[in-house]
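Worksheet: one structure, shown below.
A note on names: the letters A, B, ... follow the listed sequences, proteins ahead of strands, and every chain is numbered from 1.
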Amino acid sequence: MLQVNFLKNNKELVLNRFKVRGLDAAETVGKVLEMDDQRKALQSKLDNTQAEINSASKEVGKLFAQGKQEEANGIKARVAELKETQKAVNNELAELKPALQDLLLTLPNVPHESVPPGNTDEDNEVFKAWHTDLPTLDDSAQPHWELAKKYDIIDFELGVKITGAGFPVFKGKGAQLKRALINFFLNEARDAGYQEIMPPLLVNEASAFATGQLPDKEGQMYHVTAQNFFLIPTAEVPVTNIYRDVIVKEADFPIKLTGHTPCFRVEAGSYGAHVRGLNRVHQFDKVEIVQIVHPEKSYETLQTMVKHIEGLLIKLELPYRILRLCGGDLGFTSALTFDFEVYSAAQKRWLEVSSVSNFETFQSNRMKLRFKNENKKTVLAHTLNGSALALARIVASLLENHQTADGITIPKALQPYTMFDKIS
RNA sequence: GGAGAAAUGGCAGAGUGGUCGAAUGCACUAGUCUUGAAAACUAGCGUCCGUUCACGCGGACCGGGGGUUCGAAUCCCUCUUUCUCCGCCA
């Protein structure tokens with residue numbers, strides 16, 4: 001959620017930046033500013049009325065103490081009038097404030113100046129290309145869903161029986177590979193200074209709102225209606241919410257958290273070849289990294305997070321590239337996002353395996369995550385997060401890229417975790 | 001699931017209708033003292049909104065919401081959470 005004052009002071013800048021998203025928000029922003037002026041006028045009126053009531057009430061107390069009942073009753077009558085005014089103004093405010101809030105919530109984050117304009121993923125900028133030729137496999141190469149069946153490590157049909165489509169069952173070495181990857185990713189994050197968190201997998205409305213899943217993406221989360229909980233679509237939600245309504249000390253920066261959780265996503269309306277196998281599932285495991293930092297440091301931090309994720313892909317010996325998302329592909333809450341894609345020679349296409357974003361104050365404003373700066377002013381912090389990494393698609397990439405005639409080779413860095421060097 | 005008790009500032013903990021944004025202690029910050037530190041002493045020390053160049057001023061907030069009253073931390077209703085006991089249970 002954007003801050004009204006920021007909008008007010010940077011109206012032209014904001015409107016221009018929105019254009020890279022293909023968004024013309026002039027009308028909405030104008031309306032927001034207008035409503036905020038109304039809000040302030042009403043607030044002042046309310047405060048002044050309240051001040052009068054307060055001083056009159058004190059007067060009444062004094063007069064009673066002095067036994068001047070008649071005078072006191074006169075003031076009481078005036079207070080009754082003031083209360084009518086107060087009630088009317090209050091009602092107006094009670095209508096205006098949520099309306100203003102709702103309107104403000106329709107505005108996405110302001111894209112960073114480096115975000116290229118564009119409408120679709122074809123307009124994304126290749127920030128870092130793969131450094132050599134893309135790998136090729138011979139004609140016998142198989143996509144991961146075939147390999148999974150061949151080695152009996154992932155059973156998609158069994159998942160359909162137990163739950164439904166998009167809930168694969170990992171078996172034997174498939175399950176072990178997954179567990180190894182989780183440990184590998186968590187240890188790498190720990191070594192990079194991230195504190196490990198095991199959060200709840202269900203969150204309440206306030207938490208889902210704070211990180212921006214509500215109201216924008218309500219349909220994408222599984223909703224436990226009886227208790228009004230949501231199954232988390234990413235660890236970002238519970239982990240970042242640790243700091244909801246918290247004023248941290250500047251000396252605590254940077255706050256670095258990591259966590260592994262299953263992630264649940266409805267992913268409605270997705271069918272066809274591109275969502276086969278592990279390409280898109282309703283439940284997958286992910287290790288997330290989250291940072292809460294000083295506003296001046298957030299872009300520097302974003303680069304270190306990019307480096308961290310890149311390091312993981314290198315250790316897993318996967319061909320990757322890094323994209324800078326264009327305005328049209330940029331998430332609602334993000335100011336700048338880098339996507340990581342791994343090339344699958346078997347599917348002959350790039351698969352998104354990670355996304356790392358700087359939200360600047362968009363999330364912290366919603367969740368009131370602040371710190372005291374050197375002037376003892378309370379200021380919003382910046383939040384960032386990234387997948388490091390998402391399991392399902394990494395498993396797919398590993399199977400496809402490391403397949404050989406006599407089995408799947410496990411990358412060296414992962415072998416201490418899997419305790420085997422081949423799936424055959 | 002049943003019965004009872006409670007919720008006040010970073011923490012502990014007073015306050016039961018007006019002078020209470022709230023005593024006191026601890027913690028924290030600054031200063032005095034000291035070669036330095038500790039101790040002692042002095043002062044400061046919540047969040048949000050509005051207004052102001054600023055000092056400041058006005059308003060809201062004592063778990064959330066609503067009510068009674070001229071006036072509510074204090075009385076009433078309701079919700080939530082926590083604790084104790086009983087039951088059930090991984």
Side-chain angles (χ1 to χ4, degrees), chain A residues 1-9 32-104 198-210 214 224-230 238 241-253 255 262 292 361 363-381:
Chain A
M1 186 167 70
L2 298 171
Q3 299 166 87
V4 177
N5 274 339
F6 180 81
L7 279 179
K8 191 174 169 183
N9 298 328
V32 163
L33 296 181
E34 191 187 312
M35 286 169 87
D36 191 55
D37 284 341
Q38 278 176 40
R39 197 203 100 241
K40 283 182 188 173
L42 288 171
Q43 188 66 53
S44 287
K45 199 170 172 188
L46 184 70
D47 286 353
N48 290 336
T49 310
Q50 186 64 52
E52 269 193 74
I53 292 174
N54 285 345
S55 63
S57 295
K58 275 184 191 168
E59 195 65 20
V60 169
K62 269 187 210 157
L63 290 171
F64 271 125
Q66 294 165 6
K68 298 179 182 170
Q69 302 243 340
E70 242 173 75
E71 276 185 62
N73 286 332
I75 296 178
K76 274 165 88 167
R78 202 176 95 230
V79 171
E81 274 175 46
L82 287 170
K83 289 201 76 163
E84 286 302 312
T85 314
Q86 185 201 30
K87 202 169 180 181
V89 176
N90 215 1
N91 286 342
E92 276 189 78
L93 263 183
E95 265 181 52
L96 185 66
K97 277 164 121 174
L100 173 60
Q101 167 91 351
D102 286 351
L103 197 59
L104 205 51
M198 273 196 187
L201 305 182
L202 276 72
V203 295
N204 59 28
E205 235 176 323
S207 294
F209 174 83
L214 290 178
V224 181
T225 49
Q227 282 79 19
N228 199 23
F229 292 152
F230 295 90
N241 268 282
I242 292 173
Y243 284 93
R244 169 152 53 86
D245 291 321
V246 171
I247 299 175
V248 300
K249 293 196 184 78
E250 191 172 352
D252 293 339
F253 288 145
I255 294 167
I292 298 164
T361 59
Q363 289 183 332
S364 58
N365 187 35
R366 281 194 180 198
M367 72 172 90
K368 303 300 167 217
L369 194 187
R370 295 159 298 171
F371 71 99
K372 284 221 191 286
N373 70 9
E374 62 272 21
N375 301 323
K376 302 207 169 165
K377 284 264 185 203
T378 313
V379 186
L380 294 171

Pick the [atom1] atom in [N] and in [M], then give their distance to the nearest Å.
N	M	atom1	value
B:U68	B:U78	C1'	15 Å
B:A27	B:A12	P	15 Å
B:C49	B:A54	P	15 Å
B:A22	B:C57	P	13 Å
B:C28	B:U35	C1'	27 Å
B:C70	B:C79	P	28 Å
B:A73	B:U8	C1'	7 Å

### Task
Check A:Ala210 against A:Asn241 and note the closest heavy-atom contact, atom names and distance.
CB-OD1, 3.3 Å
Spacing between [X] atom [atom1] and [N] atom [atom2], to the nearest angstrom:
X	N	atom1	atom2	answer
A:Asn54	B:G21	CG	C1'	13 Å
A:Asp252	B:C28	CG	C1'	14 Å
A:Leu46	B:U51	CG	P	14 Å
A:Asn204	B:U81	CG	P	11 Å
A:Lys249	B:U29	NZ	P	9 Å
A:Asp245	B:G63	CG	C1'	13 Å
A:Arg370	B:C49	CZ	C1'	13 Å
A:Gln50	B:C70	CD	P	15 Å

### Query
Does the B:G58 base have a donor-acceptor partner in the side chain of A:Asp47 within less than 3.5 Å?
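Yes, the side chain and the base share a sub-3.5 Å donor-acceptor pair.
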Sort me out a list of protein N/O and nucleotides 15-20 of chain B N/O pairs below 3.5 Å, or just none if empty.
from	atom 1	to	atom 2	distance (Å)
B:G18	N2	A:Ser57	O	2.9

With rounding to the nearest 0.5 angstrom, report the [atom1] to [atom2] distance, [X] to [Y].
X	Y	atom1	atom2	value
A:Gln50	A:Gln86	CD	CD	4.5 Å
A:Asn90	A:Thr85	CG	OG1	11.5 Å
A:Thr378	A:Ile247	OG1	CD1	5.0 Å
A:Tyr243	A:Met367	OH	CE	12.0 Å
A:Gln43	A:Asp36	CD	CG	10.5 Å

### Task
Check every atom of B:C49, B:C48, B:G59 against the side chain of A:Ala51 and return the nucleotide holding the closest atom.
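Of all the options, the side chain of A:Ala51 is nearest to B:G59.
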### Task
Could you check which of B:G50, B:C48, B:C70 has an atom nearest any side-chain atom of A:Ser44?
B:G50
### Query
Going by atom types only, do A:Asp47 and A:Ser44 share a side-chain donor-acceptor pair under 3.5 Å?
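There is no such pair between these side chains.
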### Query
Want to settle it: does A:Ile247 or A:Lys40 sit nearer the 5' end of RNA chain B, counting the closest nucleotide to each?
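Result of the comparison: A:Ile247.
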#### Entry: Nearest-nucleotide 5' precedence on RNA chain B, A:Arg39 against A:Ala80
A:Arg39
### Message
side-chain contact (heavy atoms from CB on, under 4.5 Å) for A:Met1 and A:Gln101? Distances and angles first, verdict last.
### Response
CA-CA 9 Å; A:Met1 186 167 70; A:Gln101 167 91 351; 3.7 Å; yes
### Short side-chain N/O contact to B:G71 OP1/OP2 from A:Lys83, under 4.0 Å
yes
### Message
With a 4.0 Å cutoff (strictly under), does any side-chain N or O of A:Asn48 reach OP1 or OP2 of B:G59?
### Response
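No, A:Asn48 has no side-chain N/O under 4.0 Å of OP1/OP2 on B:G59.
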### Query
Run the side-chain contact (heavy atoms from CB on, under 4.5 Å) check on A:Arg39 and A:Val4 step by step: do they pass?
CA-CA 12 Å; A:Arg39 197 203 100 241; A:Val4 177; 5.9 Å; no
### Query
What do you reckon, is NZ of A:Lys368 surrounded by more than 12 foreign heavy atoms closer than 6.0 Å?
yes
### Message
Heavy atoms only, 4.0 Å cut-off, all strands: where does A:Asn73 land among base, sugar-phosphate and nothing?
### Response
nothing
### Base-pair map of RNA chain B as dot-bracket, where | denotes pairing with a different strand and pairs are Watson-Crick or G-U under 3.5 Å
((((((((.[[[..)..(.....]]].(((((.......))))).((((((....)))))).[[[[[..)....]]]]])))))))....
### Task
Run the numbers on A:Leu63 and A:Ile75 for side-chain contact (heavy atoms from CB on, under 4.5 Å), then give the verdict.
CA-CA 10 Å; A:Leu63 290 171; A:Ile75 296 178; 3.5 Å; yes
